[in-house]
Amino acid sequence: MNDSSTPIDESVAEESAVGTHFIHTRIKKEMAEGKYEQVITRFPPEPNGFLHIGHAKAIVVNFSMAEAFRGYTNLRFDDTNPAKEEQRYIDAIKQDLSWMGYEWKNECFASDYFDTLYEYALHLIDHGLAYVDSQDAEAIREGRGTLTEPGTESPDRDRPIAENKDLFERMRAGEFADGEYVLRAKIDMAAPNINLRDPILYRIRHLHHYRTGDRWCIYPTYDFAHGQSDAIEHITHSLCSLEFEDHRPLYDWFIEHLPVPSKPVQIEFARLNINFTVLSKRKLTRLVDEGHVSGWDDPRMPTLAGLRRRGFTPEAIRSFCHEIGVTKSESVIPFGVLERNLRDDLNVHAERRMAVLKPLKIVLTNFEAGVTESAHLPNHPQDETLGTRDVPITRELYIEQDDFMEEAPKKFFRLKPGGEVRLRGAFIIRCDEVIHDETGGIKELHCSFDPESRSGLPGAERKVKGTIHWVSAEHAVPATVHLYDRLFQVADPAADKDTDFTAHLNPDSIETVEHAMLEPSLKDWPAGDPVQFERLGYFVADPDSRADALVFNRSVTLRDAWAKIDQAQQG
RNA sequence: UGGGACGUCGCCAAGCUGGUUAAGGCACGGGGUUUUGAUCCCCGCAUUCGCAGGUUCGAGUCCUGCCGUCCCAGCCA
């Protein structure tokens, strides 16, 4: 729709990346009622780790809603806890967000609002709605009560306003040690919602903040900072995950009692869960810190950096987020759904090449030695605009070990003694002789090719059951290939509270193939560009790959009907 | 046993203020095309909406009760 100069919400909204869901429906209604002129959202990560696929969902939801209703999205770092936050995470988060293809309007920091937040705290104190508590952490915890019992009021709860103010100012001035005092909202210690039992607003932390340096030794809690930060930025809709539902009454209380410039509305949706992996920053941090993976960008990690190195595309991640929808019911998405979205994207865009992971040498006995012919292959079977290439053929070739069986089952369509198979893009060969080594293993195969069956000739029409990939032994370039499997061997690694999730790590989550043989055109394949190794899957050159030491990562396998049959037959 | 929320096909998920045969995707099964056992294309796939009652001419949609699952007792976010 580009025939209109004014992007009317309705038409744009229908094309939103997330389609329609309850949040979209609700905002659309509000827009129709004229409640808002535009929708302003924000993506508010804490810079204490890398973004993962779960964040991707939040990113897509927030950005797509603003986009659908002619607004914009801010990127705001909720950096209220200097003990955990670092600049390097900010850099990584921004990089991931850009990679995903999103542009944020303003780059904000909760720490930018520390002065205002401090004023807000003073405002609460002045109105008798906050007090300085001298109880220690344990006493405060005990006083909070339990889920079924009301809490008890702090002895400091009725401290005079002037005294609260004095104490709070001295907290800020650095007169007290960590934990000596805390600022609390005065709400209701008997509230059934525990968040309303005089929540803590400020705590003393004599810590250097990566942005505000040593200017502060008191820091607002997330609960006190988040909603007000949204209000300061004039966020219209604070879209967040379900666990903050209980906090909404508290955020609303702050907004109601503070002179904030706007009143954001919070809407919660279910966060993403994927099986056979973990999606909590705490757990992902442990995987990194304890060395279970090579880093935040290990291709087995569900982080955006990991997925990127694995060969995922932003398009695949976005279509995945689109597919899973946005609701309030918690769901677990099979890992395979993520993989299929990648396949669907790569199938259309990735060029095809041939590569042999586990080489088996074959000798074409009727092919003249020392001669190099070439096969002309399309780079994509459905998209001819991607061009063609020539692949050298010689007397000695490598084929995949898995493509030959000495004693093959009836449904095995590939090469077997006396059997025929087509070499993709070349011709049909017959296996005449199996050469064994001293230990009885298969050393090489002697085959003969049918000259009449060369691709392009009428004889090529002859049907044979299978087509396999191959590479010229003389021209092949060696490479290291990483094959990845799921990081955990159980669907829900965190299910059992008594067993640490790391106990479920899959010991075979990475298989390194050292001597794969690639067709020559792969020699200078750019890192990050996807490629399909025909019949094997989609691969991507690792950032560490060098011309003299190629490294490819398998992003995802191809769908494999044979594997299913094979598995079923073997029981 | 306090509060908040959720429960529609194996996995997701539409289903607005109750109204003909409960969308769609994935998975799965069957068939076709195919020099990737890939892709692609057809066809099939919930008399039933956690359960039990009730209201109604009519309920997945309203009411009542029950069951199940998740979140909350950080000076984390």
Side-chain angles (χ1 to χ4, degrees), chain A residues 19-21 25 29 44-46 48 78-81 83-85 133 135-137 140-142 144-151 178-179 181-184 190-197 199-205 218-219 221-223 225-226 241-249 268 270 275 281-282 322-334 336-337 340-341 343-344 347-348 352 354 377 380-382 411-414 421-428 453 455 460-469 532-537 557-566:
Chain A
T20 56
H21 47 68
T25 303
K29 185 161 174 266
E46 183 191 11
N48 68 342
D78 272 335
D79 52 357
T80 56
N81 185 0
K84 296 181 177 177
E85 295 145 9
D133 197 342
Q135 294 183 105
D136 62 21
I140 289 176
R141 175 162 35 82
E142 284 170 3
R144 192 146 34 219
T146 69
L147 294 178
T148 52
E149 300 163 305
D178 287 8
Y181 288 104
V182 93
L183 184 71
R184 289 231 258 171
N193 179 345
I194 291 181
N195 292 301
L196 263 20
R197 317 239 265 231
I200 286 161
L201 271 26
Y202 266 91
R203 60 308 207 198
I204 300 173
R205 282 284 124 88
I218 57 172
Y219 293 95
T221 55
Y222 170 86
D223 274 345
H226 190 80
S241 45
L242 252 27
E243 66 264 36
F244 293 107
E245 239 165 350
D246 284 347
H247 296 241
R248 180 157 27 98
E268 309 85 6
N275 64 191
K281 242 193 289 191
R282 197 199 117 256
H322 181 211
E323 181 175 318
I324 59 178
V326 182
T327 68
K328 296 192 70 153
S329 58
E330 299 180 58
S331 54
V332 182
I333 311 295
V337 174
R340 182 177 43 69
N341 275 279
R343 260 188 220 114
D344 288 349
N347 173 51
V348 177
R352 265 110 245 229
M354 291 196 290
L377 283 100
H380 189 109
Q382 279 86 229
K411 299 275 268 183
F412 187 79
F413 298 164
R414 295 168 260 177
V421 74
R422 183 187 306 275
L423 292 188
R424 169 128 251 232
F427 37 61
I428 295 168
S453 70
S455 291
E461 301 298 310
R462 187 156 73 84
K463 298 295 178 196
V464 287
K465 273 293 196 180
T467 297
I468 64 173
H469 54 94
Q532 183 194 103
F533 288 175
E534 294 216 38
R535 302 209 306 133
L536 296 174
T557 61
L558 255 31
R559 250 186 90 217
D560 189 353
W562 164 253
K564 275 180 208 159
I565 297 167
D566 194 32

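Treat the numbers as computed from the prediction; the structure is a model and nothing was measured. Letters A, B, ... mirror the listed sequences (proteins, then strands); counts begin at 1.
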At less than 4.0 Å, is any side-chain N or O atom of [X] found next to OP1 or OP2 of [N]? Yes or no.
X	N	result
A/Arg144	B/rC75	yes
A/Lys463	B/rU35	yes
A/Thr221	B/rA77	no
A/Arg203	B/rA77	yes
A/Lys564	B/rC28	yes
A/Arg559	B/rU39	yes
A/Arg422	B/rG37	no
A/Ser329	B/rA13	yes

Nearest-Å distance for atom pair [atom1]/[atom2], residues [X] and [N]:
X	N	atom1	atom2	result
A/Phe244	B/rC71	CZ	P	14 Å
A/His322	B/rC12	NE2	P	18 Å
A/Leu242	B/rG4	CG	C1'	10 Å
A/Ile565	B/rG30	CD1	C1'	14 Å
A/Arg424	B/rG37	CZ	P	8 Å
A/Glu243	B/rA77	CD	P	13 Å
A/Tyr222	B/rC72	OH	P	14 Å
A/Asn195	B/rG3	CG	C1'	10 Å

Does [N] have a Watson-Crick or wobble partner in any strand here, with both distances under 3.5 angstrom, and which is it?
N	value
B/rC70	B/rG4
B/rU34	none
B/rG44	B/rC28
B/rG18	none

Using a heavy-atom cut-off of 4.0 Å across all strands, would you classify [X] as base, sugar-phosphate, or nothing?
X	result
A/Val348	nothing
A/Arg352	base
A/Thr327	sugar-phosphate
A/Pro334	sugar-phosphate
A/Phe412	base

Between [Y] and [X], does any NZ, NE, NH1 or NH2 come within less than 4.0 Å of an OD or OE carboxylate oxygen?
X	Y	result
A/Lys564	A/Asp560	no
A/Glu534	A/Arg424	yes
A/Glu268	A/Arg248	yes

In whole angstrom, give me the gap between the [atom1] atoms of [N] and [M].
N	M	atom1	result
B/rC62	B/rC72	C1'	31 Å
B/rA77	B/rC41	P	50 Å
B/rA46	B/rG58	P	26 Å
B/rC42	B/rG24	P	14 Å

Is it the case that the base of [N] and the side chain of [X] share a donor-acceptor contact (distance under 3.5 Å, atom types as modelled)?
X	N	value
A/Glu330	B/rU69	no
A/Arg414	B/rG37	yes
A/Asp246	B/rG3	yes

Would you classify B/rG15 as syn or anti? Syn applies when the glycosidic angle is within 90° of 0.
anti

Find out whether A/Leu196 and A/Pro249 are in side-chain contact, i.e. whether some heavy atom of one side chain is under 4.5 Å from a heavy atom of the other.
yes

Is any side-chain heavy atom of A/Tyr219 closer than 4.5 Å to one of A/Asn81?
no

Students often mix this up, so state it plainly: with edges at 30° and 60°, are the rings of A/Phe412 and A/Trp562 parallel, tilted or perpendicular?
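The rings of A/Phe412 and A/Trp562 stand perpendicular, inter-plane angle above 60°.
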
Working for side-chain contact (heavy atoms from CB on, under 4.5 Å), residues A/Asn341 and A/Val337:
CA-CA 6 Å; A/Asn341 275 279; A/Val337 174; 3.9 Å; yes

